[in-house]
Amino acid sequence: MLKSKTFVKKTRSGGVLKIVREHYLRDDIWCGSEVCKECKDEAPVLQEHACIESNLCSFPHYLIPDTNVVLHQIDILEDPLIRNVIILQIVLQEVRHRSAPVYKRIKDAIHEKEKHFYTFTNEHHRETFIEREQGETANDRNDRAIRVAAKWYTDHLAKKTNGGSLKVVLLTDDRANKEKAEQYGLVVYRCEEYIKSLIGNPELMDRLALQPDDQNEITGSKLLFPEHLPLSRIQSGIKNGMFLQGTFHANRDNYLEGKVFINREGEEINEVLLQGLQNLNRAVHQDVVAIELFPKERWVAPSSVVLQDDSPNDEDAEEDETENKLKGVPSDSSVLKPTGRVVGIIKRNWRPFCGMLSQSMIKEATRHLFTPADRRIPRIRIETRQAANLVRQRIMVAIDGWPKNSRYPNGHFVKNLGSAGDKETETEVLLLEHDVPHQPFSQAVLSFLPKMPWSITEEDLKVRADLRHLCVCSVDPPGCTDIDDTLHCRELENGNLEVGVHIADVSHFIRPGNALDQEAASRGTTVYLCGKRIDMVPELLSSNLCSLRSNVERLAFSCIWEMNHNAEILKAHFTKSIINSKASLTYAEAQMRIDDSTMKDDITKSLRGLNRLAKILKGRRIAKGALTLSSPEVRFHIDSETHDPIDMQSKELKETNSMVEEFMLLANISVAQKIYDEFSECALLRKHPSPPPSNYDILIKAAKSRDLNIHTDSAKALADSLNNATVENFPYFNTLLRILATRCMMQAVYFCSGMDSDFHHYGLASPIYTHFTSPIRRYADIIVHRLLAVAINADSTYPDLMDKHKQSALCNNLNYRHKMAQYAQRASVAFHTQLFFKNKGIINEEGFILFVRKNAIIILIPKFGLEGAVFFDNKDKPSPHLSFDSEIPGVSVPVPESEPEAKKPKLDC
């Protein structure tokens with residue numbers, strides 16, 4: 001059956017366009033139930049004996065949730081107890097339009113066979129499709145469509161079971177929808193009403209998201225925050241310049257302060273400071289907000305107070321009291337910042353948060369405060385009847401809303417992750433908090449892996465350069481199994497040198513667009529934690545077929561130069577190849593070969609040649625203005641049985657580290673130029689923007705404390721200044737400056753050449769750069785391999801590769817994944833540092849003051865890479881020990897920063 005709808009609309013040019021929309025209706029759409037013998041054409045999804053113990057529903061039944069139940073109670077629907085659910089097409093369409101994360105979660109539940117979730121295409125069933133009536137809103141029409149579908153199911157199942165006991169239960173929290181459904185003769189309950197009726201599952205009540213009516217019941221009557229403006233007023237205010245739109249970033253060190261980064265280009269002001277609870281006005285980190293800018297006489301300087309929300313658990317702190325904590329801080333007119341207040345929320349970016357429960361001091365209370373692991377997120381009030389069991393556990397909580405008369409947002413318990421301090425639990429927390437995809441690879445992904453045993457074919461030998469005779473070797477950290485790169489250096493007959501960088505040919509195994517490629521693109525990067533690796537690609541590739549291990553034949557993508565002895569490139573050549581690595585060395589092993597004058601074998605000669613050229617290349621780079629910065633890094637020695645850290649020390653870099661780095665940089669630069677020359681509009685490149693002058697304030701002030709000058713006009717001026725910034729009898733001072741300089745830097749990012757005109761890499765002092773050398777662990781490198789393969793006619797192209805808009809969207813995801821991976825790695829180091837110090841007692845170690853806050857000094861302990869605050873007590877005296885944020889008893893270590901902006905010290909050294 002075909003229904004069509006015709007309407008006309010006016011075009012931009014003033015013409016009239018007639019549009020005809022056709023809608024096909026069918027009468028052969030299956031209901032999905034085991035009880036139906038007529039319309040079944042495949043394996044049934046809904047069980048005949050759909051039994052769940054309930055005080056309200058003593059009969060077997062299927063659930064039909066409406067759109068708002070799916071959107072707000074997805075945590076309930078995901079519970080293993082909830083099975084045999086009918087998700088209507090109209091509900092799925094609305095959820096997809098309103099919330100991409102919830103849509104993905106409900107689709108995952110539908111694909112989980114044990115859940116028995118069935119999608120019924122009611123919009124194409126002849127008996128359940130309805131037309132929108134005159135004067136009916138789209139929302140009311142959709143609610144009616146849900147009721148019609150529920151009625152059809154009720155009647156259909158009654159026929160198939162001869163009036164048997166199997167029924168359909170509609171779940172809705174909409175009062176009007178519920179009343180109309182009852183008039184239809186449907187079995188209908190509010191979601192809370194139904195969940196409360198389930199026998200023997202009281203913990204499900206904790207997972208119920210609070211509805212607006214419920215939230216008002218648990219908050220006070222006192223108005224704590226201004227009313228948020230309606231979206232229509234916000235939009236008109238942004239349009240006429242009264243308001244600004246931007247993304248809110250909470251201050252990790254001061255819960256009463258945050259910044260809004262203005263999204264619109266061309267604005268004179270790109271950053272607005274917010275101070276005080278009322279001006280923050282219920283904005284949560286990463287929310288898109290509308291702000292009103294204060295006049296200049298109300299602008300203030302960023303606070304120098306380290307302030308955490310430690311108000312009592314069971315009562316709201318007074319606004320005046322918390323605001324007083326910001327007062328009394330002298331303002332320097334030279335550092336006044338544009339200041340404003342939040343007038344409305346444009347888009348919430350809430351997610352489930354990990355943290356710990358702070359149990360109420362009131363006996364038998366059910367309302368408690370949850371403290372998120374991320375200090376930028378406010379504490380959340382939840383209702384739970386299992387508080388005693390959740391104390392000292394890591395749990396997940398979701399925010400439901402933030403009423404204007406509540407000091408904290410309201411939320412609900414999602415799940416218990418495990419005991420705080422447990423290695424597996426803490427690893428799960430840091431992966432969740434940094435949005436690192438870590439689920440096992442699906443069968444769909446694994447199905448695209450090569451069939452074993454795998455070997456190089458005759459066809460491969462025909463189309464690739466056979467370089468198996470070359471003395472190629474790899475140099476990597478100890479224990480490395482995903483070996484991306486190998487090198488060689490040999491003297492040519494003409495007296496010049498041939499230098500090769502050979503990179504794993506991952507793009508041979510991962511073809512564009514299949515499930516394996518899509519998964520790798522989504523993950524973006526391999527994440528390296530202490531003692532654990534979250535692979536971007538399955539282990540068969542990462543540690544076996546793609547890994548350039550010694551004494552096995554492997555497919556590679558080679559970048560080969562002919563150089564003179566002054567490391568000047570005379571020719572460059574790119575080719576797909578076959579190699580056989582002669583040695584897999586660690587940095588220490590390679591260094592030992594170079595230093596041992598008695599070793600004369602081909603591998604050692606190759607390493608010495610590479611090392612000599614690398615020193616020349618590095619000197620040339622530094623002369624051009626490349627920066628040599630510093631950050632405190634540590635290395636753990638892990639117990640082989642307990643997997644606990646038994647020793648930690650600062651990472652020691654050898655000449656061979658620099659040797660490998662120089663040739664990887666050279667390969668990346670050479671490939672970047674090649675793909676840009678061939679594909680000027682769609683080359684995937686990497687740039688490092690120059691920092692704005694204000695970023696260097698802290699570095700300049702630190703240097704001036706020792707009467708030294710730092711020049712920041714260019715990267716070379718900065719590099720020269722840092723080289724000259726030495727203090728007699730204080731050798732570590734230069735390292736401290738380089739650590740501060742690192743924090744002044746902007747984030748390096750991927751971009752598409754056709755979408756940007758600034759290609760310069762500030763830190764490397766290179767006019768063009770990309771990533772080519774690590775395709776096992778970076779998806780960007782796979783795209784670069786594909787571009788290079790097309791450029792040298794070694795592979796064919798495909799539409800997405802040449803689409804600059806799709807490349808740009810891909811770059812956005814890769815930048816996000818790389819940033820999150822970096823923060824997850826830091827958090828893993830922090831946690832293992834906790835484990836190391838757990839039973840060590842008090843340790844005396846040399847530390848340096850990085851900078852000073854009003855109520856604390858920030859200390860760096862280089863040996864352990866530790867940074868934390870020494871707080872002053874009420875008498876303005878320092879406390880006797882370093883105080884770091886930690887929720888593990890007896891442990892004091894820092895939680896790493898999670899935003900580049902938060903990493904930048906803002907105050908005097």
Spatial distance of atom CD1 (Ile782) from atom CG (Leu684) [nearest 0.5 Å]: 11.5 Å
Approximate separation, where rounding is to 0.5 Å, of Gln822 CD and His818 NE2: 10.5 Å
Side chains of Ile622 and Thr628 in contact at under 4.5 Å (non-hydrogen atoms): yes
Result block: side-chain N/O donor-acceptor pairs under 3.5 angstrom for residues 565-574, not counting sequence neighbours:
from   : atom 1 : to     : atom 2 : distance (Å)
His565 : ND1    : Arg612 : NH2    : 3.2
His565 : NE2    : Gly495 : O      : 2.9
Glu568 : OE1    : Asn564 : ND2    : 2.7

Residues Glu257 and Asn251: side-chain donor-acceptor under 3.5 angstrom: yes
Partner set under salt bridge (Lys or Arg N to Asp or Glu O under 4.0 Å) for Lys716, not counting sequence neighbours: Asp720
N-O pairing of Lys615 and Glu655 below 4.0 Å: yes
Residues Arg351 and Asp435 bridged, charged N to O under 4.0 Å: no
Any donor-acceptor N or O pair under 3.5 Å, side chains Gln518, Asn514: no
Between CG on residue Leu722 and CG on residue Leu699, distance to nearest 0.5 Å: 6.0 Å
Distance (rounded to the nearest 0.5 Å) between Ser542 OG and Asp482 CG: 6.0 Å
Residues forming a salt bridge (Lys or Arg N to Asp or Glu O under 4.0 Å) with Asp781, sequence neighbours excluded: Arg778
Side chain proximity check, Val527 to Gln825, heavy atoms < 4.5 angstrom: yes
Distance-only polar pair, side chains of Tyr779 and Asp517, donor-acceptor under 3.5 Å: yes
Which atom of Lys576 lies closest to which atom of Ser507, heavy atoms considered: NZ-OG, 3.6 Å
Side chains of Pro538 and Leu516 in contact at under 4.5 Å (non-hydrogen atoms): yes
Under-4.0 Å salt bridge between Glu678 and Arg786: no
Aromatic ring proximity Phe759/Tyr676, centre distance under 6.0 Å: yes
Val499 vs His488 side-chain heavy atoms within contact, under 4.5 Å: no
Salt-bridge criterion met for Arg621 and Glu662 (N-O under 4.0 Å): yes
Closest non-hydrogen atom pair, Met536 against Pro775: CE-O, 3.5 Å
Minimum heavy-atom distance Gly340-Val272, with the two atoms named: N-CG1, 3.6 Å
Chi angles and distances behind the salt bridge (Lys or Arg N to Asp or Glu O under 4.0 Å) call for Asp535, Arg523: CA-CA 9 Å; Asp535 282 324; Arg523 294 189 178 213; over 6 Å; no
By salt bridge (Lys or Arg N to Asp or Glu O under 4.0 Å) - contacts of Asp795 (at least two apart): Arg511
Inter- and intrachain pairs under side chain to side chain donor-acceptor pair (under 3.5 Å), touching residues 758-770, at least two apart: Asn668-Tyr769, Tyr696-Tyr762
Pairs touching residues 783-808 that satisfy ring-ring contact (aromatic ring centres under 6.0 Å, His included), sequence neighbours left out: Phe557-His785, Phe772-His785
Ring geometry between Trp561 and Phe663 (parallel below 30°, tilted from 30 to 60°, perpendicular above 60°): tilted
Test log, rule ring pair (Phe, Tyr, Trp, His ring centres under 6.0 Å), inputs Phe248 and His285: CA-CA 6 Å; Phe248 173 68; His285 182 68; 7.2 Å; no
Cation-aromatic face contact Arg777/Tyr528, 6.0 Å, 45 degrees: no
Heavy-atom side-chain contact between Cys530 and Lys532 under 4.5 Å: no
Between Ser721 and His711: side-chain donor-acceptor atoms closer than 3.5 Å: no
Salt bridge Arg554-Asp505, side-chain N to carboxylate O under 4.0 Å: no
